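Basis for what follows: all heavy atoms, side chains included, without hydrogens, waters or symmetry-related copies. Bear in mind the structure is a predicted one, so any value in this text is a computation, not a measurement.
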Amino acid sequence: MAKPSTPDQKLTSVQYAWQEIVRPRWKMLALGLLLITINRAAGLVIPAGPKVVLDYIVPNQNTTWVWWLVLVLGGAIVIQSLTSFLLVRWVGISAQHLIAELRARLQQHVIQLPVRFFDSQQTGNLVSRIMRDVEGIRNLVGTGLVQMFGGILTAIGAFFVMLYFNVTLTLAMLVPMALFSFVAVKAFGRIRPAFRERGKIQAEVTGRLTESLGGVRVVKGFHGEQHEMNIFNRGVLNIFKNVRTTMTATALVQSTSTLIIGLSTTGALGYAAFLLMNGTMTAGDLTSFLLYLAVLVVPIVQMSNIGSQITEAFAGLDRSEELLQELKETDDPKRTKTMPTIEGNIQFEEVSFAYEEDKEVIHEVSFEAEKGSIIALVGSSGSGKSTIAGLAASFLTPQSGKILVDGVDLSTVSLPSYREQLGVVLQEDFLFEGSIRENILFSRPDATEAELEAAVKAAYVHEFSDRFEDGLETLVGERGVKLSGGQRQRIAIARALLANPRILILDEATSHLDTESETFIQKSLDYLLEGRTTFVIAHRLSTIRKADQILVIEAGRIAERGTHDELIESNGRYYDLYTFQSRI
């Protein structure tokens, strides 16, 4: 599959559909078109039967022709049935496989986007875009596109057969058909923006629903059920209004087709009556003509539905391509260097960062962390501690300045080669649905049992897991809901330890630990952090007294730096924070 274009080379949805979806599958589509051609050609044989019966077999009492007629029509029906099955088996299933591929491709692309992309997105919104927006794609390479081609083919074939029966009567049908086509084109032009808007609304509603269900304890804790119900009701009402608009437009097309084609058929029938009475048309001609007229009309009506589906597919494709246009972390052309084994010397050189343009949260921060040292970041909430840690973890990229790791500019390094030597324990101790064992092994799935046990003991996970009937196989529930905060935190620490990183980032790593658990962790820190460059963020200043360097961050700048004793002696901001906590 071709690589997505960059934003400067953005393709239209039609171009993208052709280059990325249709053209790579031309063989499958060609097979589908061949099958639909055979299917519709066989279908054109059946309406000829009444003319043969009424004009040739019955008047001539020719029983031999009866058997030939049954054989030909029966063969046409068998061919139709077989080709219909093969269309679903080969083309329809292939289209469903494509949907699976596109979902996987979207997920693979999204998961590689920068962290700051996710900071401005709802999780449920992204889930909806990955799972729902590609659904309609099946109509571009599956039965939708093929059926549209078959409908056109059938209409053309039926039209020429009708010319054979009566030219004047057939040409008279062109006027209503042209009128219907005009109405359909106008309607579908208005429907497509509505379908695109529907995808956006559905994603927003799904996003909010995901959040409310995930935070159900907060919802119930603050008696917010009615509030969430009101928000969801407004969302589904907006979806209903959008569906009403698209259904009205689609119904207009279908009703117009019924009206125009019905009136034209009635007129044709009246005119044919005069032709019968004048002897210029036989009963067999009229019967077969009307059957071919139905063969002509039915695919035209079906094409209005298929057109609506394809319009919806392009709307979904627009939204999917928007995601694929987002640049992945690995798309940065400067990141060409592979990070060798890290020693752990880290330098920040006048680093500045802003989440929003012209709103810096980190201002020209400079410091050096020697290999194996512990750097503590302290300060009030919102001062920029976690942002500095995020920069060190390469989750964020500085707007200006440099971050050097062993003298190598981190902005030029291949992120996988850096992050495989990085360990993180974040403030949100996220656990996946599964067992304790699976969550710890997430950082190193190929770790040995001995290595796993070492991490479990080092983080004191065994202190609580041994009390469970299933031990490490105990299921933790979604986001670890079945465990306490301290238990989840220790699993997260064990996961980081198992990774055996050269650089370790502990963002509020002991924030959810009770006094006993924190004591266990503190006892093991001296051994566990030996040889690793570690960034520690903690509000509880007692946890960082042994840090080699403490950076006091205020308003995105380093207000003070030094060891615990040095900062206490200086009687500055750190002294205020420490003494204030000591009094609590």
Side-chain angles (χ1 to χ4, degrees), residues 22 25-60 62-99 138-166 169-170 173 177 257 261 265 268 282-307 309-310:
V22 176
R25 294 165 180 81
W26 70 268
K27 291 182 180 179
M28 183 267 290
L29 281 174
L31 176 61
L33 296 178
L34 175 63
L35 289 172
I36 199 70
T37 300
I38 296 172
N39 180 278
R40 296 309 169 86
L44 290 175
V45 172
I46 298 172
K51 176 174 175 59
V52 176
V53 172
L54 295 175
D55 292 349
Y56 298 104
I57 294 178
V58 174
N60 298 314
N62 193 330
T63 56
T64 303
W65 278 47
V66 172
W67 293 110
W68 278 108
L69 178 67
V70 171
L71 182 63
V72 171
L73 296 184
I77 292 172
V78 170
I79 290 173
Q80 274 195 308
S81 299
L82 180 60
T83 51
S84 295
F85 170 78
L86 293 177
L87 274 171
V88 174
R89 180 64 183 83
W90 289 340
V91 181
I93 292 178
S94 295
Q96 291 297 327
H97 184 250
L98 171 62
I99 291 174
R138 65 182 181 276
N139 292 309
L140 295 179
V141 295
T143 53
L145 185 63
V146 171
Q147 291 289 355
M148 176 169 278
F149 173 81
I152 294 172
L153 191 66
T154 301
I156 292 173
F159 176 74
F160 280 106
V161 175
M162 290 164 63
L163 283 176
Y164 166 77
F165 288 115
N166 191 288
L169 195 57
T170 303
M173 300 297 297
M177 297 300 174
S257 68
I261 295 170
T265 302
T282 66
D285 287 338
L286 176 59
T287 304
S288 289
F289 183 88
L290 292 176
L291 289 175
Y292 277 110
L293 179 59
V295 170
L296 174 67
V297 168
V298 169
I300 291 178
V301 175
Q302 288 177 339
M303 279 190 287
S304 68
N305 292 326
I306 295 171
Q309 294 168 2
I310 290 180

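- A pairwise comparison of heavy atoms in Trp65 and Val52 identifies CE3-CG1, 4.0 Å as the closest pair.
- Taking 4.5 Å as the limit, every side-chain heavy atom of Leu71 sits out of range of all side-chain heavy atoms of Trp67.
- By the 30° and 60° cut-offs, the orientation of the rings of Phe289 relative to Phe165 is perpendicular.
- Interatomic distance, Thr170 OG1 to Tyr164 OH, rounded to the nearest 0.5 Å: 12.5 Å.
- Residues satisfying the side-chain hydrogen bond (donor to acceptor under 3.5 Å, both in side chains) criterion with Thr154, sequence neighbours excluded, are Arg40.
- Taking CD1 of Ile36 as the start and CG of Leu153 as the end, the distance is 8.5 Å to the nearest 0.5 Å.
- Scanning both residues, Gln80 and Gly43, for their nearest heavy atoms gives NE2-CA, 3.3 Å.
- Between Thr287 and Pro50, the shortest heavy-atom contact is CG2-CB, 3.5 Å.
- In plain terms, the two heavy atoms of Leu44 and Ala158 that are nearest each other are CD2-N, 3.9 Å.
- Remark: Ile38 pairs with Leu34, Ile79, Thr83 by the side-chain contact (heavy atoms from CB on, under 4.5 Å) rule, at least two apart or across chains.
- Note on residues 285-298: pairs passing salt bridge (Lys or Arg N to Asp or Glu O under 4.0 Å), not counting sequence neighbours, are Lys51-Asp285.
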